[in-house]
Amino acid sequence: MPETAHRLAAFTESVIRGTTRLANQYGAINLSQGFPDFDPPEELLLALERATRGPHHQYAVTWGSPGFRQALARKIGRFSGLEIDPDQHLVVTCGSTEAMMVAMMTACNPGDKVIVFSPFYENYAADAILSGAEPIYVALRPPDFQFDREELAKAFECKPKAIVICNPSNPCGKVFTREELLFILDLAERHDVFVITDEPYEHIVFGENEHVHFAALPGAFERTITCSSLSKTYSITGWRLGYVQAAPRVIAQARKVHDFLTVGAAAPLQEAAIAGLELPDSYYVGLRDLYSRKREVFLECLREVGLPFTEPQGAYFVLMDLSALGFVNDTAASEWLVKEIGVAGVAGSSFFREPVHHLIRFHFARGEDTLREAGRRLLAVRSR
Ligand code: GLN
């Protein structure tokens, strides 16, 4: 029989989604794939009901329905200060997942190199490979996940076509400072490189940390391809609504990639999500407070467990160090956690280029009671 394509040998199925399936099979509390267990805002639910009765059951414009793009442009402008033209700067996609694939395929020729910070969200390596590009890695170094400026400058010497920045970062919770981003922008300008950003956690930042929109840095817009989504901001991960935002010459090409990949995101859901994009600023303050509380509750539980872990500046992930428990690797640890402890987390090695086999990623987008119950179950790891 014919063989399947060789490029698929270079990556595995998603460990995140696989762990979710395992969690469901064993009835574990699922702190692996990051998504909320609570409802979206009431305004969205009402708008969804209305959308089912409207004329929105056929294809929308392939790069996004006009009403959705207009609301999205206003919302982006409100938080970034950018003047977004809904007709020239946006392609609506099926989640930031598709947006990233579109961005890579739009930016890269086969054989091009793409700089990816490690740890990284597992899709980036697969996206680069599927678009014919080769990921090259620059380490974010624990405990604060700073990058070495010389190492990054060296990576830019390898003639990359693009760099990917996940900000706030999944899985390490880093929020890049304006100064770090300006340093990256300077390198990108000197080497004429695209900056592809992934910013679905833009509204989930803690304490003093502030999210900086890369595209809004002085002079950055023309070379930035921003990927983001509504999934985390409005607790609608299953609606699969994301977008690419870039300069018109890039968007003109990205539209083609998107059109031939998926034709479009779900029309009634675009219609309903406008209600989210129009929520007042107070909604975002509330979201930030909500996740700050969850973070406090969960970190307090983890302190009681007594193993080291990262304290995120943004997004909703924690990397916990299980080396003291003596597992052969993190995959074994992750399976044991699901089956014996009843809590699912993702084996950390799926996020690292380096051979890192002692970390488990947990997310805390869960109700406080569920987080406390997960914490109570995790106490049992101490007696291993
Ligand atoms: N971003 C979430 C995570 O890392 C889930 C994304 C997904 O599964 N599409 O868990």
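Every value quoted in this text rests on a predicted model; they were computed, and no experiment measured them. For the numbers below, each heavy atom of this structure counts, side chains included, while hydrogens, waters and symmetry mates do not. Remember, it's 1-based here, ligands and their atoms both numbered in the order they're listed.
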Are [X] and [Y] in a cation-pi contact, defined as NZ or CZ under 6.0 Å from the six-membered ring centre and within 45° of the axis?
{"X": "Arg149", "Y": "Phe183", "value": "yes"}
{"X": "Arg366", "Y": "Tyr316", "value": "no"}
{"X": "Lys154", "Y": "Phe156", "value": "no"}

Original post:
Is ligand 1 less than 4.0 angstrom away from at least one heavy atom of His363?
Top reply: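 Judged by the 4.0 Å heavy-atom criterion, His363 does not count as contacting ligand 1.
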Original post:
How about Tyr291 and Phe206: are their ring centres within less than 6.0 Å of each other?
Top reply: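 No; Phe206 has its ring centre 6.0 Å or more from that of Tyr291.
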Subject >> Ring centre gap for Phe352 and His357 strictly below 6.0 Å >> reply: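 No; His357 has its ring centre 6.0 Å or more from that of Phe352.
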Please work out, at 4.0 Å between heavy atoms, whether the side chain, the backbone, both, or neither of [X] comes within that distance of ligand 1.
{"X": "Asn170", "result": "side chain"}
{"X": "Tyr201", "result": "side chain"}
{"X": "Arg240", "result": "neither"}
{"X": "Tyr121", "result": "side chain"}
{"X": "Arg361", "result": "side chain"}

**OP:** List every atom of ligand 1 that sits less than 4.0 Å from any heavy atom of Arg17, numbering the atoms from 1 in the order shown and giving each element.
**Re:**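 Those atoms are 7 (C), 8 (O), 9 (N).
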Subject >> Numbered atoms of ligand 1 (with element) below 4.0 Å of Gln33, judged on heavy atoms >> reply: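 Close to Gln33: 5 (C), 7 (C), 8 (O), 10 (O).
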Original post:
Are any of the N/O atoms in Gly34 less than 3.5 Å from those in ligand 1?
Top reply: yes
Original post:
Do the side chain of Arg69 and the main chain of Gly64 share a donor and acceptor less than 3.5 angstrom apart?
Top reply: yes
Original post:
More than 12 foreign heavy atoms under 6.0 Å from CZ of Arg7: is that the case here?
Top reply: no
